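As the structure lists them, so they are numbered: ligands from 1, and atoms in each ligand from 1. When a residue number appears, it is its place in the shown sequence, counting from 1. Just so it is clear, the values below take in all heavy atoms, side chains as well, and ignore hydrogens, waters and symmetry mates. Just so it is clear, the model here is predicted, and its values are computed rather than measured.
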Amino acid sequence: MSTENGKPKTENPQLISSMKQFLSVHDVPDLSGLVQEALRQKQNPFGDEHLGHHKTIGLLFFNSSLRTRLSTQKAAENLGMKVMVMNVTADSWGLEFEDGAIMNGNKAEHVKEAAAVIGQYCDIIGVRSFPTLNDREKDYSEEVVNQFVKYAGRPILSLESSTRHPLQSLTDLVTIEEYKTKPRPKVVLTWAPHVKALPQAVPNSFAEWMNVADVDFVITHPEGYELAPQFSGNAKVTYNQNEAFEGADFIYAKNWSSYREYGKIINSDPAWRVTTEKMALTNDAKFMHCLPVRRNVVVDDAVLDSPNSIVIHEAGNRVWAAQAVIKQMLTAIR
Ligand SMILES: NCCC[C@H](NC(=O)CCC(=O)O)C(=O)O
Ligand SMILES: NC(=O)OP(=O)(O)O
């Protein structure tokens with residue numbers, strides 16, 4: 001834990017570091033301090049209501065959302081902010097992101113103007129933008145979010161970008177903190193089958209956060225589903241799902257498409273589904289998933305409906321994670 005004036009930052013809420021943006025774990029100056037802040041917000045949801053007085057957050061969605069949209073709005077309102085939500089793809093003009101584009105197609109407005117204008121109305125801007133899953137270089141350059149950073153002139157909050165979902169990962173860490181029964185629990189990220197090609201953002205981000213948290217972290221997936229090395233880092237990786245499940249305290253299931261054969265489904269073996277039999281190999285593990293989840297494709301009803309499933313509690317924690325992050329962003333612009 002980092003210190004300020006020789007004291008742990010978590011001892012005094014006033015000493016929690018502010019954040020100018022929240023795009024990844026690298027923006028967090030004090031990880032355990034942020035987790036404790038989320039737990040404090042949960043205990044006292046309206047204690048910082050004054051912080052957001054006369055401040056506006058804009059939440060921009062280029063893709064669908066249930067949890068992120070509602071929990072981030074609630075979090076901002078708990079902090080006294082005004083909230084503007086826009087489903088950009090459906091409700092605004094088609095946006096051009098390419099520099100120097102001759103805009104004679106169907107895109108009516110360049111992000112240079114759109115982001116700058118939104119910056120005139122908002123003090124903090126949240127952006128959700130999924131990857132193309134066609135162009136790896138473009139997706140991993142985080143073109144959309146980075147152009148908002150460049151042109152909005154306001155702090156940017158990731159609501160899930162092409163390669164990361166940091167509000168989800170913070171929530172997951174807070175949830176593990178609440179449920180762990182030992183100082184260093186075994187946390188397993190397991191790939192599971194799916195009918196659609198999905199982004200790597202959730203597993204990338206989860207790995208990035210678990211690699212810096214105090215947990216014994218293991219990733220299991222079929223061959224060819226290796227995450228980008230900058231995200232898997234030093235995590236233990238195994239192709240043997242049963243071996244990974246042995247002694248696990250938390251099972252975090254998620255499908256993702258291949259990074260190597262970019263955006264492709266290269267395995268749909270139902271044997272990777274999370275079942276009661278596999279959960280029996282664990283140390284009575286809690287089952288986690290970011291949601292939405294495809295029942296009986298990713299995980300069996302029997303697991304999702306069991307007392308060991310904490311997915312609803314996990315989704316509830318999205319509010320407190322967002323509240324901790326927005327609080328620290330507000331602190332930075334006061
Ligand atoms: N925000 C949480 C996950 C969002 C997205 N899931 C999805 O698109 C599921 C769609 C489906 O099941 O049809 C993902 O995996 O990144
Ligand atoms: N977990 C999550 O981000 O859910 P939504 O996609 O519904 O926001």
Side-chain angles (χ1 to χ4, degrees), residues 22-24 38 57 59-76 83 85-90 126-134 136 139-140 142 144-145 157-176 189-209 219 221 225 227-228 231 252-259 262-265 268 270 272-274 287-299 304 309-323 325-326:
F22 186 69
L23 305 180
S24 81
I57 190 167
L59 304 177
L60 309 178
F61 288 88
F62 288 87
N63 308 92
S64 305
S65 171
L66 186 155
R67 280 142 290 273
T68 307
R69 179 170 173 161
L70 299 181
S71 63
T72 313
Q73 175 159 1
K74 187 175 166 77
V83 184
V85 184
M86 184 178 255
N87 181 340
V88 185
T89 323
V127 181
R128 163 163 290 196
S129 172
F130 288 175
T132 63
L133 293 182
N134 298 320
R136 187 167 97 172
D139 290 345
Y140 274 69
E142 289 288 6
V144 173
V145 159
L157 165 66
S158 170
L159 303 174
E160 187 174 343
S161 68
S162 296
T163 67
R164 291 179 172 97
H165 194 1
L167 281 177
Q168 182 67 51
S169 310
L170 172 59
T171 302
D172 298 332
L173 188 55
V174 168
T175 307
I176 288 168
L189 166 63
T190 181
W191 183 91
H194 204 282
V195 289
K196 276 172 60 182
L198 296 185
Q200 294 109 32
V202 169
N204 278 348
S205 197
F206 187 73
E208 199 170 46
W209 285 67
I219 308 175
H221 56 68
Y225 278 96
L227 296 172
F231 293 104
Y252 193 94
K254 185 70 186 85
N255 169 268
W256 62 90
S257 59
S258 176
Y259 173 73
Y262 192 64
K264 300 270 185 307
I265 297 177
S268 45
W272 278 83
R273 199 175 71 249
V274 179
F287 177 82
M288 299 178 72
H289 191 285
C290 65
L291 305 182
V293 69
R294 301 270 188 148
R295 282 176 172 259
N296 304 309
V297 175
V298 170
V299 53
L304 209 47
S309 171
I310 56 171
V311 297
I312 304 302
H313 184 101
E314 181 185 357
N317 279 341
R318 289 292 305 270
V319 176
W320 319 117
Q323 210 163 308
V325 168
I326 297 170

Rounding to 0.5 Å, atoms OG (Ser205) and CG (Leu167) come to a distance of 9.0 Å
Top protein contact for [atom], by heavy-atom distance:
atom                   : answer
atom 7 (O) of ligand 2 : Leu66 N, 2.7 Å
atom 4 (O) of ligand 2 : Arg67 NE, 2.8 Å
atom 6 (O) of ligand 2 : Arg128 NH1, 2.8 Å

I'd like the residue list for ligand 1, meaning every protein residue with a non-hydrogen atom under 4.0 Å from the ligand. Arg128, Phe130, Glu160, His165, His194, Lys196, Leu198, Pro199, Lys254, Cys290, Leu291, Arg294
Student check: side-chain heavy atoms of [X] and [Y] closer than 4.5 Å:
X      : Y      : result
Leu189 : His221 : no
Arg294 : Asn255 : no
Phe62  : Val127 : yes
Leu159 : Ser65  : no

Hey, can you tell me if Tyr252 and Phe206 have their rings parallel, tilted or perpendicular (30° and 60° cut-offs)? parallel
Considering only heavy atoms of [X], which atoms of ligand 2 have at least one such atom less than 4.0 Å away?
X      : result
His165 : 2 (C), 3 (O)
Leu291 : 1 (N), 2 (C), 4 (O)
Cys290 : 1 (N)

Using the test ring-ring contact (aromatic ring centres under 6.0 Å, His included), find all partners of His289 that sit at least two apart in sequence or belong to another chain. none
Check whether Ser258 reaches the backbone of Ile265 with its side chain - one donor and one acceptor, N or O, closer than 3.5 Å. no
Among all residues two or more places apart in sequence or in another chain, which pass the side chain to side chain contact (heavy atoms under 4.5 Å, CB included) test with Ser161? Glu142, Val145, Ser158, Thr163, Arg164
Who pairs with Ala228 by side chain to side chain contact (heavy atoms under 4.5 Å, CB included), at least two apart in sequence or on another chain? Tyr140, Gln230, Phe231, Tyr259
Flag Ser64 as yes when one of its N or O atoms lies below 3.5 Å from any N or O atom of ligand 2, and as no otherwise. no
The option among Arg318, Glu160, His289 carrying the non-hydrogen atom nearest to atom 2 (C) of ligand 2 is Arg318
